[in-house]
Amino acid sequence: MTHRTSAETGITPTAPGFPDVSESAIERVQTTIIDWFAATARPLPWRAEGTSAWAVLVSEIMSQQTPVSRVAPRWSEWLERWPTPADLAAAPTAEVLQRWDRLGYPRRALRLQEAARVIADDHDNQVPDTAAALEALPGIGAYTAAAVASFAHGERTTVLDTNVRRVLIRVFAGRDRPTVSPSRRETVWAEQFVPATDHVAWNAGVMEFGALVCTARSPKCEECPLADICAWNLAGRPVSASKPKTQKWAGTDRQLRGAIMDVLKAAHAEAAEAGDRSTSVVEGVSVAESSSAADGSSVVEGAASAAAGRRSAATDAVAVDLFTAPTADLDDECLAALGPATSVKLTTMRDLSADADRISRLIADLVTDGLAHRSGDRLSLPR
DNA sequence: AACGCGGGGAG
DNA sequence: CTCCCAGCGTT
């Protein structure tokens with residue numbers, strides 16, 4: 001029996017935004033979602049019988065802000081390469097970032113390896129089985145901790161991702177979309193919807209329901225089994241006035257950081273390709289000042305040689321230069337002459353003209369963040 | 001609470 | 001083009 005307050009007792013006023021909900025409505029929605037999930041759940045690879053808790057944890061980290069369709073291939077490769085936390089803990093970080101591929105937010109890969117080391121060292125290589133213990137690990141917040149505890153261990157937790165929040169807000173609060181991040185009050189409010197039994201099916205089901213039916217962009221209300229009870233639908237699906245402004249991408253620091261990481265990965269791959277097994281890698285990015293390339297021609301030469309890579313006789317290293325030249329100076333013909341690793345990204349950089357200062361700052365940030373390693377004027381993926 | 005952080009695919 | 005995606009950590 002759920003303890004209720006507010007309307008029934010008159011002691012606590014119903015909080016605006018997170019209204020009190022009747023027991024019958026809760027039970028109706030729970031049953032509908034759980035039945036719907038049993039009938040229509042996608043066969044995601046990490047839902048297969050026998051998936052280890054570690055594999056579930058990896059899937060959750062990879063899925064943070066990344067569509068599951070892009071996660072699946074990387075997830076399979078990771079688990080084949082690093083079947084347990086100890087395997088990942090012992091891996092070279094350069095390889096970890098390389099195999100993270102283009103999932104985005106590569107810092108997640110670093111945090112995942114850190115978590116693996118904590119699990120291997122402090123938890124006997126076993127993924128913690130409570131949300132509280134999981135949340136203490138690097139890169140694991142409230143959502144991921146609850147999800148892993150529920151899906152991998154069967155703990156009754158409140159899983160509150162963007163999908164769940166949207167479903168609950170629409171069905172029970174009649175609003176279009178949740179706020180940017182869940183408040184403490186919303187989290188407490190959401191707990192009442194998790195059933196005493198079948199909570200794993202509820203957690204997975206309501207998340208899946210938000211991903212497939214109650215979607216953000218074009219919700220499929222015509223085929224929604226909750227259409228008759230959904231407060232948002234019954235209210236005529238009002239659209240909230242202001243939405244959070246979208247983040248720019250072209251020309252931003254984030255894009256440039258990604259471009260630098262691309263260069264480092266390409267250099268790393270090229271060094272590996274060259275069979276440099278003993279020293280393992282030697283990659284580098286040297287930041288060249290562009291002031292001497294005002295006429296443009298030397299910029300092209302420099303860029304071309306950078307794309308081709310440069311082999312150092314002394315170390316058999318591959319060096320890649322990242323130039324700070326204005327992209328405007330590179331016409332299409334010149335860009336076509338560039339190698340794939342550098343040219344593609346640099347062409348989309350709007351104001352790379354900016355400055356060596358900017359690139360230097362971002363490189364320093366990457367080193368600080370642990371995404372790059374600096375040795376003299378050479379930059380590489382971290383060991 | 002607000003911000004920074006990647007990258008891609010759908011509308 | 002804009003929006004959105006199984007968020008987290010820092011300020």
Side-chain angles (χ1 to χ4, degrees), chain A residues 37 41-42 44-47 55-75 97 100-112 114-115 134-152 157-167 176-187 200 203-212 214-219 239-240 242-262 265 344-345 348-350 361-362 365-366 368-371:
Chain A
F37 183 63
R42 293 171 294 180
L44 299 180
W46 42 87
R47 285 182 184 154
V56 171
L57 172 53
V58 173
S59 80
E60 292 299 338
I61 299 290
M62 286 185 168
S63 297
Q64 291 167 0
Q65 297 288 283
T66 304
V68 297
S69 59
R70 291 175 52 200
V71 166
R74 301 288 84 78
W75 178 82
L97 290 171
W100 189 257
D101 197 35
R102 305 185 67 76
L103 286 178
Y105 294 136
R107 55 172 57 172
R108 288 183 295 162
L110 299 182
R111 299 295 90 79
L112 182 49
E114 293 169 12
L134 284 161
E135 197 166 353
L137 296 173
I140 297 188
Y143 160 74
T144 304
V148 172
S150 177
F151 303 147
T157 61
T158 302
V159 174
L160 207 57
D161 79 324
T162 186
N163 289 306
V164 177
R165 297 183 63 217
R166 184 174 54 249
V167 173
D176 183 19
R177 70 183 72 222
T179 56
V180 52
S181 63
S183 63
R184 179 60 193 157
R185 240 184 55 229
E186 179 182 348
T187 301
V200 176
N203 283 331
V206 69
M207 202 157 57
E208 186 85 338
F209 190 78
L212 297 185
C214 196
T215 57
R217 195 83 66 109
S218 303
V239 178
S240 48
S242 64
K243 7 184 161 179
K245 48 190 169 225
T246 53
Q247 220 157 11
K248 295 300 179 210
W249 169 244
T252 60
D253 283 357
R254 300 203 320 184
Q255 186 192 27
L256 186 46
R257 282 171 62 105
I260 296 170
M261 291 299 293
D262 278 352
K265 288 180 181 178
V344 175
K345 286 304 175 184
T348 60
M349 202 65 55
R350 282 311 173 214
R361 173 175 60 81
L362 291 179
D365 288 346
L366 286 172
T368 300
D369 292 346
L371 288 165

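Side chains are part of it too, since the values below use all heavy atoms of this structure and drop only hydrogens, waters and symmetry mates. Here is how names work: the chains are called A, B, and so on, in the same order as the sequence lines, proteins then strands, and each is numbered from 1.
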Interatomic distance, A/Arg111 CZ vs C/dG9 P [rounded to whole Å]: 8 Å

A/Pro106 vs A/Ser69, nearer the 5' end of DNA chain B by closest nucleotide: A/Pro106

Report, one pair per line, the protein and nucleotides 5-7 of chain C atoms (nitrogen or oxygen only) whose separation is under 3.5 Å.
residue, atom, partner, partner atom, Å
C/dC5, OP1, A/Arg166, NH1, 2.7
C/dA6, OP2, A/Asn163, OD1, 3.4
C/dA6, OP2, A/Asn163, ND2, 3.1
C/dA6, O4', A/Asp161, OD2, 2.9
C/dA6, N9, A/Tyr143, OH, 3.1
C/dA6, N7, A/Glu60, OE1, 3.1
C/dA6, N7, A/Glu60, OE2, 3.0
C/dA6, N6, A/Trp46, NE1, 2.8
C/dG7, OP2, A/Gln65, N, 3.1
C/dG7, OP2, A/Gln65, NE2, 3.2

Pair A/Gln64-A/Tyr143, side chain to side chain donor-acceptor pair (under 3.5 Å): steps then yes or no: CA-CA 9 Å; A/Gln64 291 167 0; A/Tyr143 160 74; over 6 Å; no

Sugar-phosphate only, base, or nothing, as touched by A/Leu103 at under 4.0 Å among non-hydrogen atoms: base

Donor-acceptor pair, side chain of A/Trp75 and main chain of A/Ala55, under 3.5 angstrom: yes

Distance between P atoms of C/dA6 and B/dG4 (Å, rounded): 24 Å

Note: A/Glu208-A/Arg47 ion pair, threshold 4.0 Å (strictly below): yes

Nearest-0.5 Å distance, CG of residue A/Leu362 to CG of residue A/Asp253: 4.5 Å

Atom-pair distance (CG on A/Asp365; C1' on C/dT11), nearest Å: 15 Å

For atom NZ of A/Lys248 and atom P of C/dC3, their distance in whole Å: 8 Å

d(CD, A/Glu135; P, C/dC8) in whole Å: 8 Å

Sidechain N-carboxylate O distance under 4.0 Å for A/Arg257, A/Asp369: yes

Exam field: side chain A/Arg111 to backbone A/Ile140, donor-acceptor pair closer than 3.5 Å: no

Ion pair check, A/Lys265 and A/Asp101, cut-off under 4.0 Å: no

Nearest-Å distance for atom pair CH2/P, residues A/Trp249 and B/dG9: 13 Å

Sugar-phosphate, base or nothing in reach of A/Arg177, heavy atoms under 4.0 Å: sugar-phosphate

Interatomic spacing from OG1 in A/Thr215 to CZ in A/Arg166 - rounded to 0.5 Å: 6.5 Å

Whole-Å distance separating the CG atom of A/Leu371 from the P atom of B/dG4: 17 Å

Same-atom distance (P) from C/dT10 to B/dG6, integer angstrom: 15 Å

Heavy-atom side-chain proximity of A/Met207 to A/Phe151 below 4.5 angstrom: yes

Protein-nucleotide distance (A/Leu57, atom CG; C/dC8, atom P), rounded to Å: 11 Å

Length of the line joining A/Arg217:CZ and B/dG8:P, which is rounded to integer Å: 18 Å

I'd like a table of atom pairs between the protein and nucleotides 1-3 of chain B - only N or O on both sides, under 3.5 Å - with the distance next to each one.
none

